[in-house]
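What you see is a predicted model; the values in this text were computed from it and never measured.
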Amino acid sequence: QGRLKESGGGLVQSGDSLRLSCAASTETFETYAMGWLRQSPGKEREVVASISVSGDSRWYDDSVKGRFFISRDNAKDVVELQMNSVKAEDTAVYFCAADLLGDNSWVYWGQGTQVTVSS
């Protein structure tokens, strides 16, 4: 429905930083928790980070904790993923998604943005 659109993916080097951005429509963004998920070839899609509606609560997968940081700006209808000290294993397609109940009910998805980390 064109509610979510990611940007910021690209080719980076190991140890570099990258920022992914997700623009959402007003009708959905301020109602849902938001998250970033990723998928690499041959692997299941996994949740990388999520953030509550207000932005007060955040969750990170152990593989990215301390390196990645999720944030949201409800006034701008934007959620971002700051990726620091990236590793080759971070290479994947990253998706922005809206969580209806804050329980991994991913009801809206973006098209995904490719992140490739060269080692």
Geometric cation-pi criterion, Arg38 with Phe95: 6.0 Å, 45°: no
Min side-chain heavy-atom separation Val47-Asp61 under 4.5 Å: no
In one Ile/Leu/Val/Met/Phe/Trp/Tyr side-chain cluster, 4.5 Å: Val93, Leu18: no
Side-chain heavy atoms of Leu37 within contact of Glu46, under 4.5 Å: no
Those residues that, when tested against Asp99, pass salt bridge (Lys or Arg N to Asp or Glu O under 4.0 Å) (two or more places apart): none
Heavy-atom check, side chain of Trp36 versus side chain of Cys22, under 4.5 Å: yes
Gap separating the OG atom of Ser63 from the NZ atom of Lys65, nearest 0.5 angstrom: 11.5 Å
Rounded distance (nearest 0.5 Å) linking atom OG of Ser119 with atom CD of Glu89: 9.0 Å
Heavy-atom side-chain proximity of Val107 to Tyr32 below 4.5 angstrom: yes
Residue pair Thr91 / Ser40, side-chain heavy-atom distance below 4.5 Å: no
Value rounded to 0.5 Å, distance of CD1 in Ile70 from OG in Ser57: 12.0 Å
Heavy-atom closest pair, residues Leu4 and Ala24: CD2-CB, 3.5 Å
Aromatic ring proximity Tyr60/Phe68, centre distance under 6.0 Å: no
ILVMFWY cluster, Phe69 and Val78 together (side-chain gap under 4.5 Å): no
Path from Trp106 to Val79 over hydrophobic side-chain contacts below 4.5 Å: no
For residues 6-17, dump all side-chain donor-acceptor pairs below 3.5 Å to protein atoms at least two apart in sequence or in another chain.
residue	atom	partner	partner atom	Å
Glu6	OE1	Gln111	N	3.0
Glu6	OE1	Gly112	N	3.0
Glu6	OE2	Cys96	N	2.8
Glu6	OE2	Gly112	N	3.2
Ser17	OG	Asn84	OD1	3.0

Heavy-atom neighbours of Arg58 CZ exceed 12 at 6.0 Å: yes
Same apolar cluster (I L V M F W Y, side chains within < 4.5 Å links), Trp59/Ile51: no
SB check Arg72 Glu80 (cutoff 4.0 Å): no
By salt bridge (Lys or Arg N to Asp or Glu O under 4.0 Å) - contacts of Arg67 (at least two apart): Asp90
Gap between atom CZ of Arg3 and atom CG of Asp77 - 0.5 Å precision: 12.0 Å
Single-linkage hydrophobic cluster, 4.5 Å side-chain cutoff, Tyr94 and Trp109 together: no
